[in-house]
J.: 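Encoded as structure tokens, here's the structure I'll be asking about.
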Amino acid sequence: MKHITSIFRIIVGSLFIVSGLIKANDPIGFSYKLKDYFAEDVLNLEFLAYIALPLAVIICIAEIILGAATLFGTKMKLVSWLLLAMIVFFTFLTFYSAYFEKVTDCGCFGDALKLTPWQSFYKDLVLLVFVAGIFIKRNSIISNTRNADLLFSMVSLCLIGFFSVGVISWFFPILFSFAVFYAIILLKKYSGTIAMTNSAVFVVPALLSLFLSLYVLRHLPIKDFRPY
């Protein structure tokens, strides 16, 4: 069961990082999708439309942080609850969109990968199974050893590379993930306390994700996936 949980962690962590990066590449576009959900004839949460952009940035950064924490096995009792809450919420949204035909594109992967509402729902159902497996074993998951950090990072980079290059033809997620993993492993090696080690896993992806979001907001998306 330990090996199965490790596989689930690698898959979930890698997908959360890639999903967060794709949306962080164009937070304005993602905010438009959030406004679609907040519309009166969908969830009727129009008051949230005014903060759609900061919400979009926060969600993107949260996905990347949770992905990294899952891979490195840091604070998994808390992280597993957050993962479960996020995937249950996303599964509800995609089911609502598919069943009531309210939002035709969930925006899960921005403009990089178009999925129908039902495809998005089935994707979230599979992820929900993986996250549930992690949640059930959350009390037995401890922070990775140095060797485990290296192994999880290398396998995750392969998965991220397959999806990034093979599916959406974008090399940046590999570079970003490598920078995050390398910085975390380096800081963990030279950190003096467990608190500093744990902080590195959250602070590094948070800072790099925030920098990415601010950069594309001030300039343009690093890669424009739109067909025009």
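Along the sequence shown, residues carry numbers from 1. Keep in mind the model is a prediction, meaning the values are calculated, not measured.
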J.: Under a plain distance cut-off of 3.5 Å, with no hydrogens placed, do Thr74 and Asn198 share a side-chain donor-acceptor pair?
T.: no
J.: So, using salt bridge (Lys or Arg N to Asp or Glu O under 4.0 Å) as the criterion, who are the partners of Lys35 when residues are at least two apart?
T.: none
J.: Do other residues, nucleotides or ligands put more than 12 heavy atoms under 6.0 Å from Lys223 NZ?
T.: yes
J.: Ignoring hydrogens and geometry, is there a side-chain-to-backbone donor-acceptor pair from Asn25 to Pro221 under 3.5 Å?
T.: no
J.: Salt-bridged, Asp36 to Lys33, with N to O below 4.0 Å?
T.: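 Looking at Asp36 and Lys33, the cut-off is met.
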J.: Got a sec, which pairs hit ring pair (Phe, Tyr, Trp, His ring centres under 6.0 Å) with one end in residues 128-159, sequence neighbours left out?
T.: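 Output for this query lists Phe8-Phe130, Trp81-Phe135.
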J.: Among pairs that include at least one residue of residues 150-166, which meet salt bridge (charged side-chain N to carboxylate O under 4.0 Å, His left out), considering only residues two or more places apart or in two chains?
T.: none
J.: Describe, in one word, how the ring planes of Tyr215 and His219 are oriented to each other, choosing from parallel (under 30°), tilted (30 to 60°) and perpendicular (over 60°).
T.: tilted
J.: According to side chain to side chain contact (heavy atoms under 4.5 Å, CB included), who are the partners of Phe171, at least two apart in sequence or on a separate chain?
T.: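 Residues passing side chain to side chain contact (heavy atoms under 4.5 Å, CB included) with Phe171: Val165, Ile174, Leu175.
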J.: Name all residues meeting the side chain to side chain contact (heavy atoms under 4.5 Å, CB included) criterion together with Phe95; count only those two or more places apart in sequence or in a different chain, and write none if there are none.
T.: Tyr99, Trp118, Phe121
J.: Verify the cluster assignment for Ile58 and Leu53: are they in a single hydrophobic cluster under the rule of side-chain heavy atoms below 4.5 Å apart?
T.: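 As far as the 4.5 Å side-chain criterion goes, Leu53 and Ile58 are not connected within one cluster.
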J.: Can you measure from CD1 (Ile61) to CG (Leu212) and round to the nearest 0.5 angstrom?
T.: 9.0 Å
J.: Work out which heavy atom in Asn144 is nearest to a heavy atom in Lys188; give both atom names and the distance.
T.: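 Of all heavy-atom pairs spanning Asn144 and Lys188, the closest is O-NZ, 3.7 Å.
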J.: Please answer: with hydrophobic residues joined when any side-chain heavy atoms are less than 4.5 Å apart, are Phe89 and Tyr37 in the same cluster?
T.: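 Same hydrophobic cluster.
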J.: Over 60° means perpendicular and under 30° means parallel, so classify the ring planes of Tyr182 and Phe178, tilted if in between.
T.: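 Rings of Phe178 and Tyr182: parallel, under 30°.
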J.: Check which hydrophobic residues are tied to Val203 through side-chain heavy-atom contacts below 4.5 Å, counting indirect links as well, and list them.
T.: Leu207
J.: So, does Arg9 use its side chain to make a donor-acceptor pair with the main chain of Leu71 at under 3.5 Å?
T.: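 Flag set: sc Arg9 to bb Leu71 pair under 3.5 Å.
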J.: Honestly curious: do Val79 and Met196 fall in one hydrophobic cluster under the side-chain, below-4.5 Å linking rule?
T.: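 Shared cluster, no.
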